[in-house]
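All values derive from a computational prediction rather than experimental measurement. Each chain gets a letter, A, B and so on, in the order the sequences are listed, and its residues count up from 1. Values reported hereafter were calculated over all heavy atoms of this structure, with side chains retained and with hydrogens, waters and symmetry mates removed.
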2 protein chains.
Amino acid sequence: MIHVTTNFNNKTMEYEELLNDFKKLLKKNNLKFTIQREVILETLYNSDEHLTPEDLHHLLQTKYPELKTGIATVYRTLSLLEDSHVVTSLSFGAQGKKYELGVKIHHDHLICTECGKITEFVDEEIEKRQHVITKKLGFKMTDHSMQIYGICKECQEKENN
Amino acid sequence: MIHVTTNFNNKTMEYEELLNDFKKLLKKNNLKFTIQREVILETLYNSDEHLTPEDLHHLLQTKYPELKTGIATVYRTLSLLEDSHVVTSLSFGAQGKKYELGVKIHHDHLICTECGKITEFVDEEIEKRQHVITKKLGFKMTDHSMQIYGICKECQEKENN
DNA sequence: CTTCTTGCAAAACGTTTGCAAGAGT
DNA sequence: ACTCTTGCAAACGTTTTGCAAGAAG
């Protein structure tokens, strides 16, 4: 993990604002603003799905075939965005990570083990308890993630047929 | 994932009881009780660390070199144990899973991003809220996992020197 | 004696890296 | 001009698989 100076702080943002801040971030770290980086940010912004690097790569090949963006660039850009707290990643099993824009209100995930669908939720009570717990244990919290696994409404209905 | 009939239900167990239940589970599924499966269960039981398949493999090579247990067997047995709810796994980033015996009281994890140490905790309030949330969303919860990331007491002290 | 399990080696998978060519500042 | 980034292909580490030999029931 490379240290990247950042000023992103979990807030919902318009794309223009996000893009500008991303440009500033690049400049601050002597990194360059490239078309690949732009389309990756834009694609993540316009997707409300949680994307795997593979997903993202396919999307780019379809939307911007002329760029021929390599999978390595996708990985490199996702790491950069994660280090800058622009995206956050969720891990599933050993194989695979899924990324989503981190620049929105914090939330946790409900994951359907039948269809893979991810539903987001927030619960203030849980957030509060996490602070209480870490404080008690002398732990300096930087992040957290919570996933609830189960079967979603739709899949339960399918099963009953 | 293979479906395995199981009757394990998150309770602290003596090793004898665990072993017996595991034998019953194997029989019920027409699977065989082998030395490899026994030593893997026993090693997991006697470890209070969260083990990677690699860790477990090395432990077995040291403790039972005569068995020459292959890494493939470790993976196959861990999958079997996970499907039977005897162990649970935790995912970290893209690379690696860590396993622990699931046959004890449910708990969540505090993970130190400096030293990798995992601290377990339970919070009744959080457990309750999870039920409330899933009920509200019509979701049938089968499992959940929560990880809090941060810097542990010890690493914070090291940093201040 | 039948079926399941094993170890091995090879394959598969997701991710990372070295490098020379190319793009941004 | 200089430096950073890219695409490509090779390398990497982890996990899975096919198969023939071996162990369990």
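- Using cut-offs of 30° and 60° on the angle between ring planes, the pair A:Phe33 and A:Phe22 is perpendicular.
- Checking A:Glu38 against A:Tyr64 by side-chain atom types alone, no donor-acceptor pair falls below 3.5 Å.
- The side chain to side chain contact (heavy atoms under 4.5 Å, CB included) test with B:Ile40 singles out one residue from B:Thr34, B:Leu59, B:Leu60, B:Ile35, and that residue is B:Leu60.
- Between B:Ile71 atom CD1 and C:dT5 atom C1' the separation is 17 Å, expressed in whole Å.
- The residue A:Thr52 sits apart from the nucleic acid: no heavy atom pair falls under 4.0 Å.
- In this model, the phosphate group of C:dA23 is not approached by any side-chain N or O of A:Gln36 to a distance below 4.0 Å at OP1 or OP2.
- Atom CD of B:Glu54 and atom P of D:dG13 are 11 Å apart (whole Å).
- Put simply, A:Leu137 and B:Ile111 are part of two different groups of oily side chains (I, L, V, M, F, W, Y) that touch within less than 4.5 Å, one to the next.
- Nucleotides of DNA chain D nearest to A:Asn30 and A:Thr73 differ in position, and the one nearer the 5' end is that of A:Asn30.
- As a whole-Å value, the separation of A:Glu38 CD from D:dT5 P is 16 Å.
- Rounded to an integer number of Å, the gap from CD of B:Glu82 to P of D:dT16 is 10 Å.
- Using a 4.0 Å cut-off, no side-chain N or O of B:Tyr75 falls inside it from OP1 or OP2 of D:dT16.
- Helix-axis bend for the helix from C:dC1-D:dG25 to C:dT25-D:dA1: the local axis fitted to the five terminal pairs at one end deviates from that at the other end by 30°, rounded to 10°.
- Looking only at side-chain heavy atoms (C-beta outward), A:Leu25 and A:Val86 stay at 4.5 Å or farther from each other.
- If you measure from atom CG of A:Leu26 to atom P of C:dA23, you get 19 Å, rounded to the nearest angstrom.
- In this structure, the NZ atom of B:Lys98 is 18 Å from the C1' atom of D:dT15, given to the nearest Å.
- A side-chain hydrogen bond (donor to acceptor under 3.5 Å, both in side chains) with B:His50 is found for one member of B:Lys98, B:His109, B:Lys97 and no other, namely B:His109.
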Can you list, pair by pair, the side-chain donor-acceptor contacts under 3.5 Å of residues 66-81 of chain B, counting residues two or more places apart and other chains?
unit_1, atom_1, unit_2, atom_2, d
B:Thr77, OG1, B:Thr73, O, 2.8
B:Ser79, OG, B:Tyr75, O, 3.1

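- In this structure, A:Leu80 places its CG atom 17 Å from P of C:dT15, rounding to the nearest Å.
- In terms of heavy atoms, B:His58 sits closest to B:Thr62 at O-OG1, 2.9 Å.
- Counting heavy atoms from C-beta outward, B:Glu127 and B:Asp108 have side chains that approach closer than 4.5 Å.
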Its contact letters, B for base, S for sugar-phosphate only and - for none at protein heavy atoms under 4.0 Å, make nucleotides 18-25 of chain D read B-----BS
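- In this structure, the CG atom of B:Leu78 is 15 Å from the P atom of C:dT5, given to the nearest Å.
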